[in-house]
Amino acid sequence: MFILKSEIGFDSAHYLSGYEGKCGNIHGHRYRLIAKVKGTKLKEIGKDRAMVEDFSFIKLALKEIHDLFDHKLIIEDDATGRDLINRLKGTPQQFECLLVSYRPTAEEMSREIFNIIKKKVINIYEVELFETPSNSCIYREED
Ligand SMILES: [Zn+2]
């Protein structure tokens with residue numbers, strides 16, 4: 001089997017509603033995302049001959065993830081999250097918030113990222129999302 005690996009980074013802030021401890025505050029991460037694409041056979045014809053997938057095609061999907069999350073404040077769409085957004089709207093600064101249907105942990109974000117990439121790159125194998133250089137979550141579908 002072949003496994004291709006491609007990586008991007010993005011900077012985001014997130015808010016974990018209901019978290020007790022210092023991460024209960026709004027804070028940011030330099031997220032590092034590694035996507036792995038698998039293939040048992042190489043393409044036999046065309047411009048992608050002898051490839052599992054064109055790296056530039058994978059990069060396009062990763063760019064979409066970058067543009068979705070980069071320099072945004074990620075907030076769960078619950079009562080606390082909506083209240084927070086309403087308070088931010090009352091300030092002169094135009095904050096860019098991303099309201100999501102899940103608690104924006106590394107686990108939920110990696111699952112969401114996997115599913116977004118899978119719409120374009122169907123042979124995605126796994127994604128690994130680093131919140132810090134030493135903490136990451138790997139998401140892949142069960143075999
Ligand atoms: Zn965090």
Side-chain angles (χ1 to χ4, degrees), residues 1-43 46-48 50-143:
M1 189 205 290
F2 301 96
I3 294 182
L4 305 183
K5 207 168 106 171
S6 190
E7 178 176 336
I8 53 156
F10 56 88
D11 301 296
S12 304
H14 68 166
Y15 173 66
L16 300 177
S17 176
Y19 186 90
E20 290 177 12
K22 67 178 186 176
C23 289
N25 208 343
I26 295 172
H27 63 281
H29 294 284
R30 171 66 182 169
Y31 287 96
R32 184 173 160 230
L33 173 66
I34 298 173
K36 291 181 184 170
V37 174
K38 73 174 175 191
T40 50
K41 284 196 234 165
L42 302 180
K43 296 182 183 182
K47 70 173 188 60
D48 295 342
M51 298 177 184
V52 169
E53 199 62 80
D54 186 344
F55 277 110
S56 65
F57 182 69
I58 301 167
K59 276 279 184 243
L60 272 180
L62 296 185
K63 171 89 167 56
E64 187 180 324
I65 301 300
H66 172 275
D67 294 349
L68 177 64
F69 291 107
D70 190 53
H71 282 79
K72 305 231 175 99
L73 170 56
I74 309 163
I75 302 173
E76 183 178 6
D77 187 4
D78 63 0
T80 310
R82 282 190 295 273
D83 179 56
L84 181 58
I85 282 186
N86 285 332
R87 287 166 191 257
L88 291 172
K89 279 182 183 161
T91 63
Q93 177 69 39
Q94 297 291 311
F95 290 104
E96 272 207 72
C97 299
L98 178 65
L99 206 57
V100 295
S101 61
Y102 50 85
R103 196 178 193 210
T105 58
E107 292 89 334
E108 290 282 19
M109 285 175 67
S110 61
R111 176 164 57 186
E112 168 83 348
I113 288 167
F114 182 95
N115 288 324
I116 293 171
I117 293 174
K118 194 178 177 184
K119 287 178 189 162
K120 291 219 163 87
V121 185
I122 55 166
N123 49 345
I124 181 79
Y125 174 60
E126 70 173 36
V127 298
E128 181 169 14
L129 184 66
F130 286 81
E131 275 197 347
T132 70
S134 53
N135 296 327
S136 71
C137 174
I138 293 174
Y139 181 83
R140 74 170 78 117
E141 289 179 334
E142 288 184 45
D143 296 326

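Quick caveat: nothing in here was measured; it's all calculated off a predicted structure. Just follow the structure's listing: the first ligand is 1, and inside any ligand the first atom is 1.
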Undergrad: Check for a donor-acceptor pair, side chain of Lys120 on one end and backbone N or O of Ile116 on the other, with a separation under 3.5 Å.
TA: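 Checking the backbone N and O of Ile116 against the side chain of Lys120, no donor-acceptor pair under 3.5 Å is found.
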Undergrad: If you apply the rule salt bridge (Lys or Arg N to Asp or Glu O under 4.0 Å), what do you find for Glu131 with Arg30, and how did you get there?
TA: CA-CA 7 Å; Glu131 275 197 347; Arg30 171 66 182 169; over 6 Å; no
Undergrad: Between Glu126 and Lys38, does any side-chain N to carboxylate O distance fall below 4.0 Å?
TA: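 Looking at Glu126 and Lys38, the cut-off is not met.
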Undergrad: Are Glu128 and Lys36 within salt-bridge range, i.e. N to O under 4.0 Å?
TA: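 Result for this pair is no, no salt bridge flagged.
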Undergrad: What is the number of protein N, O or S atoms that sit under 2.8 Å away from the Zn ion (ligand 1)?
TA: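 Protein heteroatoms (N, O, S) closer than 2.8 Å to the Zn ion (ligand 1) number 3.
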Undergrad: Is Glu108 paired with Arg103 through a side-chain N to carboxylate O contact shorter than 4.0 Å?
TA: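 A salt bridge is absent here (no side-chain N lies under 4.0 Å from a carboxylate O).
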Undergrad: Angle between ring planes, Tyr31 versus Phe10, binned at 30° and 60°: parallel, tilted or perpendicular?
TA: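 Because their plane-to-plane angle is under 30°, the rings of Tyr31 and Phe10 count as parallel.
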